[in-house]
Amino acid sequence: MYGVFINYYCRRERTLQYSSLTLCTIFTANFSEQVVESFPSDIPTGIYYGWASVGNGDVHKMVLSIGWNPFYKNIKKSVETHIIHTFKEDFYGEILSIVITGYIRPEKNFDSLDALISAIQEDIEEAKRQLDLPEHLKLKEDNFFHLPEGKIVNNR
Ligand code: RBF
Ligand code: MG
């Protein structure tokens with residue numbers, strides 16, 4: 001899936017209400033509404049893992065959340081990618097390419113923000129382990145990640 005994504009999203013405002021800054025280390029790159037609407041609807045909501053790259057950059061491990069984020073009671077469906085890599089610069093508006101290779105769990109509600117954060121951290125560990133397996137590793141080298149020059153994506 002290719003798409004221009006909307007922003008980095010880390011619930012800054014909400015996070016400030018809690019004493020912990022931890023959630024801001026779990027940035028997600030969120031696809032625009034238009035991309036989410038064209039997302040295959042037969043993919044069940046839930047938490048997935050796979051590979052991601054920004055522009056023509058390196059391919060990194062990622063975890064992905066598809067759905068309504070029950071913890072935040074979102075009204076709009078979102079597709080949020082957490083790339084397991086620390087970027088030096090912001091990349092708002094770049095093209096994010098993702099390949100989903102496996103499923104982790106359904107979306108859940110949590111009693112606390114800390115519980116949500118722990119669950120996401122476990123997802124990240126699970127993704128790291130799974131993606132080292134040869135069957136998942138081979139997709140990292142996929143041609144999909146080499147964006148053709150000037151390819152028009154998402155009407156831009
Ligand atoms: N939100 C939920 O409400 N329930 C979940 O089970 C859930 N799991 C997530 C798993 C991953 C790997 C990621 C990246 C996000 C998940 N989210 C979930 C979405 C999270 O609430 C959202 O990204 C916040 O904006 C935190 O930045
Ligand atoms: Mg998010």
Side-chain angles (χ1 to χ4, degrees), residues 1-55 57-133 135-137 139-140 144-145 154:
M1 169 169 171
Y2 298 117
V4 175
F5 69 90
I6 221 166
N7 57 6
Y8 266 133
Y9 195 20
C10 79
R11 306 267 179 195
R12 259 179 226 285
E13 308 85 352
R14 286 177 197 252
T15 312
L16 291 176
Q17 293 168 19
Y18 301 85
S19 55
S20 143
L21 283 172
T22 330
L23 195 57
C24 272
T25 65
I26 306 175
F27 287 104
T28 56
N30 301 344
F31 287 113
S32 66
E33 239 171 76
Q34 195 189 0
V35 174
V36 174
E37 275 161 21
S38 62
F39 195 74
S41 56
D42 55 346
I43 298 181
T45 59
I47 314 308
Y48 296 81
Y49 57 84
W51 300 102
S53 83
V54 176
D58 293 344
V59 180
H60 301 286
K61 294 176 175 178
M62 65 81 167
V63 275
L64 180 80
S65 159
I66 304 171
W68 287 271
N69 301 358
F71 185 75
Y72 290 104
K73 302 183 173 58
N74 285 359
I75 296 154
K76 286 222 144 86
K77 187 173 176 177
S78 66
V79 179
E80 306 186 23
T81 305
H82 170 76
I83 304 173
I84 307 175
H85 177 75
T86 306
F87 288 87
K88 285 194 211 80
E89 279 162 25
D90 209 351
F91 50 81
Y92 175 86
E94 295 266 2
I95 289 168
L96 173 67
S97 312
I98 61 168
V99 166
I100 301 171
T101 65
Y103 175 82
I104 304 179
R105 61 174 177 87
E107 285 193 292
K108 288 189 286 204
N109 201 350
F110 294 92
D111 293 337
S112 67
L113 183 61
D114 282 344
L116 169 64
I117 294 166
S118 311
I120 296 178
Q121 275 158 354
E122 280 171 33
D123 296 333
I124 292 170
E125 292 313 310
E126 172 71 5
K128 284 189 196 161
R129 280 192 298 273
Q130 292 293 333
L131 289 162
D132 279 336
L133 301 176
E135 71 217 74
H136 295 135
L137 211 47
L139 282 152
K140 185 182 180 181
F144 169 81
F145 283 114
N154 208 20

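Atoms within each ligand, like the ligands themselves, are counted from 1 in listed order.
Here is the list of ligand 1 atoms found below 4.0 Å of a heavy atom in Val63: 12 (C). For ligand 1, the atoms sitting less than 4.0 Å from at least one non-hydrogen atom of Tyr72 are 21 (O), 24 (C), numbered in the order shown with element in parentheses. Counting the atoms of ligand 1 from 1 in the order shown, those under 4.0 Å from a heavy atom of Glu80 are 22 (C), 23 (O), 25 (O). Within the listing of ligand 1, atoms 4 (N), 5 (C), 6 (O) sit less than 4.0 angstrom from a heavy atom of Phe110.
Looking at Phe71 next to ligand 1, an N or O pair under 3.5 Å apart turns up. In terms of N/O distances under 3.5 Å, ligand 1 is not approached by Leu116.
No more than 12 heavy atoms of other residues, nucleotides or ligands shown are found within 6.0 angstrom of CG on Asp111.
Under 4.0 Å from ligand 1, heavy atoms of Pro70 appear from its side chain as well as its backbone. Within the 4.0 Å heavy-atom criterion, both parts of Asn69, backbone and side chain, lie near ligand 1. By the criterion of a heavy-atom distance under 4.0 Å, neither the backbone nor the side chain of Phe27 is placed next to ligand 1.
Contact record, Trp51 with Lys61: CZ3-CG, 3.5 Å, taken as the closest heavy-atom pair. A pairwise comparison of heavy atoms in Glu80 and Asn69 identifies OE2-ND2, 2.7 Å as the closest pair. Across all non-hydrogen atoms, the minimal contact from Tyr49 to Ala127 is CB-CB, 3.5 Å.
Of the listed residues (Glu126, Lys108, Arg105, Glu107), the one carrying the non-hydrogen atom nearest atom 8 (N) of ligand 1 is Arg105.
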Could you please spell out the steps behind the side chain to side chain donor-acceptor pair (under 3.5 Å) verdict for Asn30 and Thr28?
CA-CA 6 Å; Asn30 301 344; Thr28 56; 2.9 Å; yes
Apply side chain to side chain contact (heavy atoms under 4.5 Å, CB included) to the pair Val54 and Ile83, showing each step before the final yes or no.
CA-CA 10 Å; Val54 176; Ile83 304 173; 3.8 Å; yes
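Ring geometry, His85 versus His60: the interplanar angle falls under 30°, so the pair is classed parallel (tilted spans 30 to 60°).
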